[in-house]
Amino acid sequence: MTVEAKVYKLLSSDKEFNELLDRIRGKSFPGGYKQGIFTYAIPENPVSVIKPELAPFVRINPNYEIPVFYADDNNLAEEYRVTINFWCRTGAQSEEVAHKMDEILERNGFERYTANEKPRYKDNDIGLLTNIRKYRFFDWKKESE
């Protein structure tokens, strides 16, 4: 399973996270999309779902995959990194979503990291706060018997 699929599965299947998104939004995400959580891109065709009234919505993108940690010329693990952007109306909503997202991903072996980026900024095109979270995951290979 790709790292972005793993993150999607963890977030979209978490009952408390789904309830939080519905409560903030005031309804379920429409159009048959599972909770407004997307990988790679948020649909704009045939109908754009990038609308303030549908916030929060989430986009997951992989941005790093590399073998790491070697012993006796054998690769022991793969490191994966993902960037998760999400859009909210207020800073308070952003904090709620970020806290829950951290909880879910950290419980499942991901760790949050940053490289001095802004954690959120105003997207003037749609009047929402764009939030940026980065996580990494080490997939340790199991020793063969």
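These figures come from a predicted structure and were not determined experimentally.
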Interatomic distance, CG@N85 vs OG1@T130, rounded to 0.5 Å, equals 7.0 Å

Exercise. Between the main-chain N or O of N18 and the side-chain N or O of Q35, is there a donor-acceptor pair closer than 3.5 Å?
Worked result: yes

Below 4.0 angstrom, N of the basic side chain to O of the carboxylate: do R81 and E79 qualify?
yes

Salt bridge (charged side-chain N to carboxylate O under 4.0 Å, His left out) filter on E96, not counting sequence neighbours, yields R23

To the nearest 0.5 Å, atom CG of D139 lies from atom CE of M1 at 11.5 Å

When rounded to the nearest 0.5 Å, the distance separating CD1 of I132 from NZ of K134 is 7.5 Å

Taken to the nearest 0.5 Å, the spacing of N63 CG from E4 CD works out to 10.0 Å

The salt bridge (charged side-chain N to carboxylate O under 4.0 Å, His left out) partners of K100 (sequence neighbours excluded) come to E16, E103

Worksheet item: Does some side-chain heavy atom of W87 sit less than 4.5 Å from a side-chain heavy atom of P56?
Response: no

request  = Please lay out, stage by stage, how S94 and N131 fare under the test side-chain hydrogen bond (donor to acceptor under 3.5 Å, both in side chains).
outcome  = CA-CA 7 Å; S94 296; N131 298 264; 2.9 Å; yes

dist E78:CD -> Y64:OH (nearest 0.5 Å) comes out at 10.5 Å

Heavy-atom nearest pair, E44 first then I50, reads CG-CD1, 3.8 Å

Rounded to the nearest 0.5 Å, the CG atom of L129 sits from the NZ atom of K118 at a distance of 11.5 Å

The side chain to side chain contact (heavy atoms under 4.5 Å, CB included) partners of K27 (sequence neighbours excluded) come to R25, L54

task: Answer yes or no: is there a side-chain heavy-atom contact under 4.5 Å between R112 and E106?
output: yes

Show which side-chain atoms of residues 119-126 pair as donor or acceptor with protein atoms under 3.5 Å away, not counting sequence neighbours.
unit_1: R120; atom_1: NH2; unit_2: E95; atom_2: OE2; d: 2.5
unit_1: D123; atom_1: OD1; unit_2: D125; atom_2: N; d: 3.0

Sequence neighbours excluded, the answer for salt bridge (charged side-chain N to carboxylate O under 4.0 Å, His left out) partners of R89 is none

Q. Can you check side-chain contact (heavy atoms from CB on, under 4.5 Å) on N61 and T39, steps first, answer last?
A. CA-CA 6 Å; N61 280 304; T39 54; over 6 Å; no

* Residues R107, D102: salt bridge by 4.0 Å N-O rule -> no

Exercise. Quick one: sort the F29 and F57 rings into parallel, tilted or perpendicular, breaks at 30° and 60°.
Key: perpendicular

Connected to L11, directly or through other members, by ILVMFWY side-chain contacts below 4.5 Å are V3, V7, Y8, L10, F17, L20, L21, I24, I37, V58, I60, Y80, V82, I84, F86, V97, M101, I104, L105, F110, Y135, F137

